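In this chain, residues are counted from 1 in sequence order. As the structure is a prediction and not an experimental result, all values here were calculated from the model.
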Amino acid sequence: MLKLTLLPDEYLTINGDIVVQLKRVAGGRADVAVDAPREMPVVRGTLLERQGGERPACLAPPARKKGRTYRDQIFRWNDDRERAVRAMKLVFDRLEENGSDEEAEALRKQLDRIIPAFWEDDLAAQ
């Protein structure tokens, strides 16, 4: 099996007439666009298996889901979290403009404790 790594907006072709493009990756999900001739069926694997189809032998078995331990869970960065952080920073700026510098600084420190600045860059790149 050929295994490829794609960045958003990169694509691959199959047999010259099928194009698969990675549109976006966010929050552990990937949006993929597939352009194929109508006579070529394109079916999501979960639907195929739900209808009784076999999982292709060349694929690794699905990962078993572990019980969630929230304390040590990996922090997943996504567009919603990015928007929330930006909105909070705007509120902090407004607090400072209105003379509430101490409150704004206290809130900024708490946000930095939750999401350190170096995490924002590393997690947004994932």
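Both Val20 and Met40 are assigned to one and the same hydrophobic cluster, defined by single-linkage of ILVMFWY side chains at heavy-atom distances under 4.5 Å. Taken together through direct or relayed side-chain contacts under 4.5 Å among Ile, Leu, Val, Met, Phe, Trp and Tyr, Val32 and Leu2 form part of one hydrophobic cluster. Grouping the Ile, Leu, Val, Met, Phe, Trp and Tyr side chains by contacts below 4.5 angstrom, directly or via other members, places Ile14 with Val42. Val34 and Leu4 fall within the same hydrophobic cluster, where Ile, Leu, Val, Met, Phe, Trp and Tyr residues are linked whenever their side-chain heavy atoms come under 4.5 Å apart, directly or through other members. In the hydrophobic clustering of ILVMFWY residues, with side-chain heavy atoms under 4.5 Å counting as a link, Leu48 and Ile18 come out apart.
Summarising the geometry, atom CG belonging to Leu22 is positioned 8.0 Å from atom CG belonging to Asp9; distances are rounded to the nearest 0.5 Å. Rounded to the nearest 0.5 angstrom, Arg44 CZ and Arg50 CZ are separated by 9.0 Å. A distance of 12.0 Å separates CG of Leu59 from CD of Glu54, quoted to the nearest 0.5 Å. A distance of 5.0 Å separates CG of Asp93 from CZ of Arg108, quoted to the nearest 0.5 Å. Interatomic distance, CD of Glu96 versus CD of Glu102, reported as 11.5 Å (0.5 Å rounding). Atom CD of Gln21 and atom CG of Asp31 lie 11.0 Å apart (nearest 0.5 Å).
Between Leu47 and Gln51, the closest side-chain pair of non-hydrogen atoms falls below 4.5 Å.
Nearest heavy-atom pair, Pro8 versus Lys23, reported as atom, atom and distance to 0.1 Å: CB-O, 3.9 Å. Glu39 approaches Pro41 most closely through the heavy-atom pair O-CD, 3.3 Å. The shortest heavy-atom contact between Tyr11 and Val19 is CD1-CG1, 4.0 Å.
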